[in-house]
Amino acid sequence: MNIILLGPPGAGKGTQASSLVARRGMVQLSTGDMLRAAVKAETPVGLQAKAVMASGALVSDPIVSALIGERLDQGDTGSGVIFDGFPRTAAQAEALDLLLAERGQQLDHVIELTVDEAVLTERIVGRYTCAQCGEGYHDRFKQPAVAGVCDVCGSTSFKRRPDDTAETIATRMSIYRGETAPILPFYVARGLVAQVDGMADIEQVTAAIGAVLDG
Ligand code: AP5
Ligand code: MG
Ligand code: ZN
């Protein structure tokens, strides 16, 4: 089972992908996470991507498509893949079709997380992650059980993304509207798209996605 989670910044793609990983043993392929890892490791891709990401613009199609291709070849994706934050342009959608076909695979579902843009800024500026294990949290919507201590690994060190500022969010939203949302009809025409209400509580969104995958 291979699925795409599609939605604007802050829609909950990463949050839902990690729960699918925990519950179904699927593998999350987040181009955002891969690029952040590359930036941190100062690889050639990371050096190129750093400023682009900080500005909220998109990294080039060939770079991200190559990251996905390499990741698909690591041999651990047999239980299914969740594409999180990829594809984001028509060229990437075409590249994904090719990457899957070359590996004898296909797409099963495209889950569109629909959200009211007004809440997205609040979700994004309140977001932080565990510096140790990467578990995601939110100042208001998802706090650790013990304040300041990661539920998953017990670490007390957390971090925020450099692109999670109000100015950058505006750029990211407009790129979503201009470049990413227009790929939806491509998948609607193939009967792959299911809309899920991303405004519901995190658990309810998880249940709704589960219903699509099991339906
Ligand atoms: P990327 O990392 O993909 O960021 P994004 O698309 O902007 O999405 P986010 O990660 O901000 O949001 P999300 O939907 O994952 O929300 P989350 O679950 O965290 O990309 C970053 C950058 O990398 C791009 O700008 C670009 O430069 C580059 N890049 C990446 N992929 C690329 C590609 N394919 N091509 C080119 N460039 C690429 O949730 C947000 C917060 O809300 C969390 O705190 C969460 O706890 C909370 N929350 C989630 N769901 C709910 C809910 N239902 N109710 C209340 N709170 C909720
Ligand atoms: Mg994310
Ligand atoms: Zn942790």
Side-chain angles (χ1 to χ4, degrees), residues 2-18 20 28-36 38-39 45 48-65 67-68 81-97 99 107 109-129 136 138 141-142 160-190 192-200 202 205-206 208-209 212:
N2 297 314
I3 71 168
I4 296 174
L5 291 181
L6 202 86
K13 303 181 296 290
T15 302
Q16 296 303 329
S18 54
L20 289 167
Q28 174 187 11
L29 266 60
S30 159
T31 40
D33 288 349
M34 291 177 202
L35 289 166
R36 280 183 287 278
V39 168
V45 164
Q48 232 179 310
K50 187 173 182 180
V52 177
M53 292 175 76
S55 75
L58 293 182
V59 174
S60 79
D61 293 329
I63 287 181
V64 290
S65 301
L67 285 175
I68 290 285
V81 172
I82 307 147
F83 295 100
D84 159 8
F86 177 90
R88 273 172 135 93
T89 63
Q92 291 179 24
E94 282 163 25
L96 178 58
D97 275 349
L99 288 168
L107 270 176
H109 298 282
V110 176
I111 310 277
E112 181 192 4
L113 291 171
T114 59
V115 272
D116 179 348
E117 271 196 31
V119 308
L120 296 177
T121 302
E122 186 189 15
R123 282 194 189 177
I124 292 173
V125 298
R127 168 172 62 187
Y128 60 97
T129 53
H138 192 278
F141 306 129
K142 191 187 167 208
R160 291 181 191 258
R161 274 169 47 178
D163 60 341
D164 281 351
T165 62
E167 310 80 75
T168 309
I169 291 164
T171 307
R172 286 158 60 195
M173 293 297 175
S174 94
I175 290 175
Y176 178 79
R177 273 186 246 111
E179 308 243 9
T180 307
I183 68 181
L184 269 162
F186 174 76
Y187 292 121
V188 171
R190 286 156 60 179
L192 291 174
V193 177
Q195 284 193 335
V196 166
D197 178 14
M199 297 293 288
I202 291 174
V205 177
T206 305
I209 293 173
V212 172

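Heavy atoms only: backbone and side chains are in, while hydrogens, waters and symmetry mates are out.
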Legend entry - Separation of Tyr187 OH from Leu6 CG (nearest 0.5 Å): 8.0 Å
Legend entry - Point-to-point distance, once rounded to the nearest 0.5 Å, from OG1 of Thr206 to CG of Leu20: 7.0 Å
Legend entry - Student check: side-chain heavy atoms of Pro8 and Val115 closer than 4.5 Å: yes
Inset, instruction - May I ask you to check if Arg190 and Phe186 form a cation-pi contact, with NZ or CZ under 6.0 angstrom from the six-membered ring centre and within 45° of the axis? - result: yes
Legend entry - Separation between CZ of Arg172 and OG1 of Thr180, rounded to the nearest 0.5 Å: 11.5 Å
Inset, instruction - Please check if the side chain of Thr114 supplies one atom and the backbone of Val196 the other of a donor-acceptor pair under 3.5 Å. - result: yes
Legend entry - Closest non-hydrogen atom pair, His138 against Glu122: NE2-O, 3.1 Å
Inset, instruction - Would you give the length of the straight line joining atom CG of Leu35 to atom NZ of Lys50, rounded to the nearest 0.5 angstrom? - result: 13.5 Å
Inset, instruction - Drop me the distance from Gln28's CD to Asp33's CG, to the nearest 0.5 angstrom. - result: 5.5 Å
Legend entry - Minimum-distance pair of heavy atoms, taken over all atoms of Asp197 and Met199: OD1-N, 2.9 Å
Legend entry - Smallest separation among heavy atoms of Gly136 and Thr129, with atom names: CA-CG2, 3.9 Å
Legend entry - Step-by-step side-chain contact (heavy atoms from CB on, under 4.5 Å) determination, Ile169 to Val125: CA-CA 9 Å; Ile169 291 164; Val125 298; 3.8 Å; yes
Legend entry - For the student: nearest non-hydrogen atoms of Met53 and Gly32, plus distance: CE-O, 4.0 Å
Legend entry - For Phe86 against Ile4, the heavy-atom pair lying closest together: O-CG2, 3.9 Å
Legend entry - Neighbour count above 12 (heavy atom, 6.0 Å) for Lys142 NZ: yes
Legend entry - Rounded distance [0.5 Å steps], CD1 in Ile63 versus CE in Met34: 14.0 Å
Inset, instruction - State whether the side chain of Glu179 and the backbone N or O of Ala90 hold a donor-acceptor pair below 3.5 Å, judged by distance alone. - result: no
Legend entry - Backbone of Phe83 reached by a side-chain donor or acceptor of Lys13 within 3.5 Å: no
Legend entry - Residue pair Pro87 / Ala93: nearest heavy atoms and the distance that separates them: CB-N, 3.4 Å
Inset, instruction - Check Gln16, Glu112, His109 against Leu5 for a side-chain contact (heavy atoms from CB on, under 4.5 Å) and give me the one that passes. - result: Gln16
Inset, instruction - Could you tell me whether a side-chain N or O of Thr168 sits under 3.5 Å from a main-chain N or O of Gly56, the two making a donor and an acceptor? - result: no
Inset, instruction - Answer yes or no: is there a donor N or O on one side and an acceptor on the other, between the side chain of Arg123 and the main chain of Ala11, under 3.5 Å? - result: yes
Legend entry - side-chain contact (heavy atoms from CB on, under 4.5 Å), paired with Val193, selected from Ile111, Val212, Val110: Val110
Inset, instruction - Verify, without hydrogens or angle tests, whether Asp61 (side chain) and Gln92 (backbone) share a donor-acceptor contact under 3.5 angstrom. - result: no
